[in-house]
Amino acid sequence: MYESLTTQARKILAKDFALPDAHITWQRPVDPKHGDVSTAVALQVSKELKLRPKEIASTLATHLASVEGVAKAEVAGAGYVNVWLTPAALLMELQQSRTAHTASVTRKSDRPVIVEYSQPNIAKPLGIHHILSTVIGQAITNLYRHHGYNTIAINHLGDWGTQFGKLAVAMRKWGEGKTATELGLDGLLALYVRFHEEAEKETMLEDEARAAFKKLEDGDAAMKVFWEEVVQVTMAALERTYERLHVSFDFVHGESFYMDKMQPILEEGKRKGVFHVGEEGALIVEFPEGTNLPPYMVLKGDGATLYSTRDLATVRYRVDQFHPEKILYVVDVAQQLYFQQLFAAVQQLQWDVPILEHVSFGRMSFADRKMSTRKGNILRLEEVLDEAVRRADAIIAARGESIQTEDRPSLATMMGLGAVVYGILSQNRKMDIVFDWDRILSFEGNSAPYLQYTHARAKSVLRKAEAGEDYDLPAPSVPLTERERVLIGTLLLFPQVLREALDTHMPHKVANFLYSLCQDFNAFYNAEPILQAEGDTRAVRLGLTACTAVVLKTGAELLTLRVPDRM
Ligand code: ARG
């Protein structure tokens, strides 16, 4: 985006300041009176060049002013360069950037990027908090794919662990002889909850559960059958939820997948002197003084493997199988220390590993006290999604005539599910994420319904004009209004925003952008007649409407949302 400007600015910096590869980004000035785009590059390189920012900025402005398509370039503030483009140049930039809105062209890499996300521990149903890793991970995956990366999405299911022992004990005691299939997910959950209640009074239960899990680990045939059935029952339910959320994986490799892949690693670790015998015969990895990392246990004293053992096997398997350039772990910040240890342990093993990154996110809290104080019981994701759809449907009903739809159930679904997902993805993942029904379902402000409504509005204009989304932008013979310029300026930032969101793994940057685009489009729509305009003016306005619709849809889908054509 603004590619020719960027190229020119780089040339100037290279020629006049001997700075060949400056990183140049463009921003929209807050006040449109300050130009169409602005760069702070002079401020950023002044230290390196040992020159005053204003001096650099002024050289840049002088040269940029004579670039074709630039109407004016000025120094502003401490060393910003503000640039005004001609209407023809603005529209041409926009026309050119339109291919980038839909096509994935940036890069084709042979070594894939692995994104691991969702990873619920099964035998328990999905809780609302599981949605965080699930949609953040899917959005990041979508961003990589959009940019042409070979991307592998993996669900590292927690399908192994003491929860299966607990469930086995609970079924034996209170399951009335039913199988997992007969009990179904709800029955299993009830038993799981019951186990925890009873275990508070009866401490022996925990030991029984551990013993039952040990039997499973030792290959007991009956336990294995039971385990397989529980996995199947939960997976079937899980698949339905993923489908509702437009989430999908290339591989579902649960922790159980690595059962037979741990032994060689334990041997390798011992042979290389990385795994030491610690307290009570456990195997641990120790880290150098300065790292402040506590020892990392990879085998219990009784010979049982751990979550960590499976993670080491997972890295090894992925490296051998896929030769990735990067592995991302989209996991709760609570496991930050754990991942530091894992990555440090991998380093000690001296495997030829790619970049390993923990893409962490904060906790989820609730504006509604009823949601946060549900004790003992899990707030199930499915329940929240159903409620979102119900609430959306009620809003549609209450709005009456002002919402037009031929298919109310599907609009309610799109709106309700979109609201939940967007409510999460529009917040900075590093912060604690607040879940607030009123905010996420609002028709104003940074919400899915607002975005969906704006998209439908743009589509409605295009329908009335009988114009498609690929409507071409003409080279106008008329000047542009301020609102048109603002809208174009925002649209032009889209590729840059996507790139930033990808590089930082921050999907909320896309959401923020879509929100400001909606605001700019609605301001334009409310002030400038589109269908009633004539000649080039009408053509330009329809073109901007078409661009807005495409960008909103593309951006929304990257965030796993769907947008309606009518609303
Ligand atoms: N299932 C784990 C949990 O719920 C998260 C898995 C994270 N991924 C990993 N490779 N350790 O805590």
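Counting starts at 1 for both ligands and their atoms, in listed order. Fair warning: this is a prediction, and the values are worked out from it, not measured in the lab.
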key: Contact atoms of ligand 1, heavy-atom distance to Tyr307 under 4.0 Å   = 2 (C), 5 (C), 6 (C), 7 (C), 8 (N), 9 (C), 11 (N)
ask   = Just which atoms of ligand 1 are under 4.0 Å from any heavy atom in His156?
value = 8 (N), 9 (C), 10 (N)
task = Give the atoms of ligand 1, by number and element, whose distance to some non-hydrogen atom of Gln335 is under 4.0 Å.
result = 3 (C), 5 (C), 12 (O)
key: Heavy-atom check, side chain of Leu559 versus side chain of Leu514, under 4.5 Å   = yes
inquiry  = Check this for me - ligand 1, Tyr329, N or O atoms closer than 3.5 angstrom, yes or no?
reply    = no
key: Rounded distance [0.5 Å steps], OG1 in Thr305 versus OH in Tyr258   = 14.0 Å
key: Structural part of Phe339 in contact with ligand 1, heavy atom criterion under 4.0 angstrom   = side chain
message = If the contact criterion is a heavy-atom separation under 4.0 Å, does Arg310 count as touching ligand 1?
response = no
inquiry  = Within the structure, is a non-hydrogen atom of Thr314 found at a distance of less than 4.0 Å from ligand 1?
reply    = no
ask   = Do the charged groups of Asp386 and Arg380 touch, with an N to O distance under 4.0 Å?
value = no
Test side chain to side chain donor-acceptor pair (under 3.5 Å) applied to Lys173 - qualifying residues, sequence neighbours left out = Glu208
message = Nearest 0.5 angstrom please: Asn150 CG to Tyr144 OH, how far?
response = 12.5 Å
ask   = If we only count N/O pairs under 3.5 Å, is Tyr338 in contact with ligand 1?
value = no
key: Under 4.0 Å to a heavy atom of Glu116 - the qualifying atoms of ligand 1, by number   = 7 (C), 8 (N), 9 (C), 10 (N)
message = Could you check whether any side-chain N or O of Trp437 sits under 3.5 Å from a backbone N or O of Ala367, counting only pairs where one atom can act as donor and the other as acceptor?
response = no
ask   = Of all the non-hydrogen atoms in the protein, which one sits nearest to atom 10 (N) of ligand 1, and at what distance?
value = Asp311 OD1, 2.7 Å
inquiry  = Please report the interatomic distance CD1(Ile355) to CD1(Ile327), rounded to the nearest 0.5 Å.
reply    = 10.5 Å
key: Given Lys272, Lys270, Arg271, the one that forms salt bridge (charged side-chain N to carboxylate O under 4.0 Å, His left out) with Glu268   = Lys272
ask   = Can you find an N or O of Asn121 that's nearer than 3.5 Å to an N or O of ligand 1?
value = yes
